[in-house]
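For reference, the structure is listed below as structure tokens.
Side chains are part of it too, since the values below use all heavy atoms of this structure and drop only hydrogens, waters and symmetry mates. On a predicted model such as this, the values are computed, not experimentally measured, just so you know.
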Amino acid sequence: MTGITVGRHEGRLVAVKQSDEPERRARLRHEATMLAQLDHPGVVHLVDVDEGPPATVRTLFVGPDTWARATPTGTELTDAVAAVIATVADLHDSGVTHGAIEPAHIVIGDAGRPILCGFGDAAPATPTRLLDDRVALASLVAGLDPVDPALE
């Protein structure tokens, strides 16, 4: 995997994932298949996929930062966490599990809205996968710091 780059595709700013490696190409195809099933404001939007090689997946670019680099704090934190929980619940209601809920897979979109990405491990919902997503989500929330740095 060469990582994620930002580019333009048909006049739109896109996040681009590419790989020449057979396993990573299969993973990118899987991610594109899962994203093609989803239409949710809390999930990155698939723009296109090219089987390659290299395999290329383009999603609409929603922002440069993830919670791995800039976790919301203070009053913004409550709304952001609620939005992530609601998105995951909607995914589960639609029969899809994310499979890798972590700070690096939550992009900070417009007005701080969290957008889920990283659907390479997504799969149809089963009781075990639903539980795994819920445990990952609870762990994510438990690791957040609710203190507003402006108040310290």
Side-chain angles (χ1 to χ4, degrees), residues 1 3-19 21-52 54-72 75-144 146:
M1 188 82 159
I4 300 172
T5 59
V6 177
R8 288 208 173 272
H9 180 73
E10 297 179 358
R12 296 187 280 189
L13 203 54
V14 293
V16 181
K17 292 182 182 180
Q18 286 187 316
S19 184
E21 301 170 23
E23 283 183 28
R24 300 298 291 171
R25 285 195 332 250
R27 183 178 172 84
L28 286 174
R29 281 192 302 273
H30 173 74
E31 181 170 10
T33 299
M34 297 305 293
L35 286 173
Q37 300 174 40
L38 303 171
D39 182 18
H40 192 284
V43 174
V44 294
H45 177 75
L46 179 67
V47 172
D48 83 335
V49 60
D50 180 352
E51 296 287 328
T56 303
V57 172
R58 292 178 187 89
T59 57
L60 197 59
F61 180 77
V62 294
D65 285 324
T66 67
W67 282 17
R69 290 180 34 168
T71 307
T75 57
E76 295 173 354
L77 180 62
T78 304
D79 291 342
V81 168
V84 171
I85 291 169
T87 297
V88 172
D90 289 346
L91 289 173
H92 289 178
D93 287 347
S94 72
V96 173
T97 57
H98 186 276
I101 298 170
E102 60 185 55
H105 291 153
I106 304 172
V107 181
I108 302 168
D110 289 340
R113 179 171 177 77
I115 310 291
L116 289 179
C117 65
F119 280 78
D121 293 320
T126 65
T128 300
R129 288 195 53 94
L130 289 167
L131 180 60
D132 289 347
D133 265 8
R134 291 176 184 133
V135 168
L137 188 54
S139 179
L140 173 87
V141 171
L144 297 174

Return yes if some donor-acceptor pair links the side-chain N/O of Ser139 with the main-chain N/O of Val135 below 3.5 Å, else return no. no
How close do Pro72 and Leu77 get, heavy atom to heavy atom, and via which atoms? O-CD1, 3.4 Å
Contact summary for Ile108 and Ala70, nearest pair of heavy atoms: CD1-O, 2.9 Å
Where is the tightest heavy-atom contact between Leu140 and Trp67, given as atom of each residue plus distance? CD2-CZ3, 4.0 Å
Does Ala122 offer a backbone N or O that forms a donor-acceptor pair with the side chain of His30 under 3.5 Å? yes
I need the full list of salt bridge (charged side-chain N to carboxylate O under 4.0 Å, His left out) pairs touching residues 114-133, with sequence neighbours left out, sorted by first then second residue. Arg27-Asp121
Check for a donor-acceptor pair, side chain of His9 on one end and backbone N or O of Arg58 on the other, with a separation under 3.5 Å. no
Compare every heavy atom of Val16 with every heavy atom of Gly7, then report the nearest pair and how far apart it is. N-CG2, 4.3 Å
Rounding to 0.5 Å, atoms NE2 (His45) and CG (Asp39) come to a distance of 7.5 Å
Between Thr97 and Leu130 (side chain of the first, backbone of the second, donor and acceptor by atom type, cut-off under 3.5 Å), is there such a pair? no
In chain order, what residues pass the salt bridge (Lys or Arg N to Asp or Glu O under 4.0 Å) check against Glu102, with sequence neighbours excluded? none
Measure across His105 and Ala100 and return the closest heavy-atom pair with its distance rounded to 0.1 Å. ND1-O, 2.7 Å
Compare every heavy atom of Ala55 with every heavy atom of Arg25, then report the nearest pair and how far apart it is. CG-CB, 3.5 Å
Quick one: pull up CD1 in Ile106 and CD1 in Ile115 and give me the separation to the nearest 0.5 Å. 10.5 Å
Return the CD to OG1 distance between Gln37 and Thr33, rounded to the nearest 0.5 Å. 7.5 Å
Roughly how far, to the nearest 0.5 Å, is CZ of Arg29 from CD of Glu31? 12.5 Å
Enter the distance from Met34:CE to Leu46:CG here, rounded to the nearest 0.5 Å. 12.0 Å
So CG of Leu28 and CZ of Phe119: to nearest 0.5 Å the spacing works out to 14.5 Å
Any non-hydrogen side-chain atom of Thr87 less than 4.5 Å from a side-chain atom of His40? yes
Treating His98 as the side-chain partner and Cys117 as the backbone partner, does any N or O pair qualify as donor plus acceptor under 3.5 Å? yes
How about CG on Asp110, more than 12 heavy atoms from neighbouring residues, nucleotides or ligands closer than 6.0 Å, or not? no
Are Leu116 and Val88 close enough that some pair of their side-chain heavy atoms sits under 4.5 Å apart? yes
